[in-house]
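Just below is one structure, and these are the notes that go with it.
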Amino acid sequence: YDGFPIYGPLGVGGEPMQSATSSFCQATPDSELCLDECGGRKEQIDGLDKFLYRYYFSGSTSDLASLPSSPMPTAEDYPYAIKCYVGCTSDELSSGTCDSDGSGVADDYVAEAVDG
């Protein structure tokens with residue numbers, strides 16, 4: 001894992017995030033609801049955290065009562081989570097093979113431990 005946060009399927013404003021291959025993103029690729037080929041997007045959300053990149057789950061979420069789940073995510077949302085890594089994994093960092101194009105965090109980011 002590369003350390004970037006993973007969010008649920010809803011973006012800012014509560015709108016569902018869309019897979020890069022969805023018909024919506026094919027028609028409107030610059031929409032703030034469109035994820036990249038790895039299942040995330042470059043964005044800073046003021047007042048939330050200092051990350052410049054984040055992953056999102058994609059697809060419908062269950063009503064938490066129906067079995068099998070209903071509604072089901074669509075095939076174009078598969079695999080529903082991280083499809084590839086944008087940042088560097090710990091193995092890449094320790095071996096010196098990281099080729100990421102930036103840190104992915106704001107200049108004033110400070111890592112801090114949290115309970116949980």
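Note that the numbering runs from 1 along the sequence shown for the chain.
In terms of heavy atoms, Pro9 sits closest to Gly59 at CB-O, 3.7 Å. Closest non-hydrogen pair, Cys34 versus Pro29, comes out as CB-O, 4.0 Å. Closest approach of Lys83 and Ser19 over heavy atoms only: CE-OG, 4.3 Å. Taking each heavy atom of Tyr53 and Pro5 in turn, the nearest pair found is O-CD, 3.7 Å. Nearest heavy atom pair, residue Gly87 against residue Glu92, reads O-OE1, 3.9 Å. The shortest heavy-atom contact between Gln26 and Ala20 is NE2-O, 2.8 Å.
Here the straight-line distance linking atom CG of Leu33 with atom SG of Cys25 works out to 7.5 Å at 0.5 Å rounding. Atoms CD and OG, from Gln18 and Ser58 in turn, are 8.5 Å apart once rounded to the nearest 0.5 Å. Note: Glu43 CD to Leu48 CG = 9.0 Å, rounded to the nearest 0.5 Å. Between Asp91 atom CG and Thr97 atom OG1 the span is 8.0 Å, to the nearest 0.5 Å. With rounding to the nearest 0.5 angstrom, the OH atom of Tyr7 is 11.5 Å from the CE atom of Met17.
For the pair Arg41/Tyr56, a side-chain contact is recorded, criterion being any heavy-atom separation below 4.5 Å from C-beta on. Annotation: side chain of Glu32 is not in contact with side chain of Glu15 (no heavy-atom distance under 4.5 Å).
A salt bridge (Lys or Arg N to Asp or Glu O under 4.0 Å) with Arg54 is found for one member of Asp2, Asp49, Asp36 and no other, namely Asp49.
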Ile82 vs Cys38, side chain to side chain contact (heavy atoms under 4.5 Å, CB included): CA-CA, chis, key distance, verdict: CA-CA 6 Å; Ile82 298 173; Cys38 289; 5.8 Å; no
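Grouping the Ile, Leu, Val, Met, Phe, Trp and Tyr side chains by contacts below 4.5 angstrom, directly or via other members, places Leu35 with Val12. Cluster membership for Val86 and Ile45, using ILVMFWY side-chain heavy atoms within less than 4.5 angstrom, is not shared.
Counted within 6.0 Å of CG on Asp108, heavy atoms from surrounding residues, nucleotides or ligands total more than 12; the atom is thus considered enclosed.
Aromatic ring centres of Phe57 and Tyr55 lie farther apart than the 6.0 Å criterion allows.
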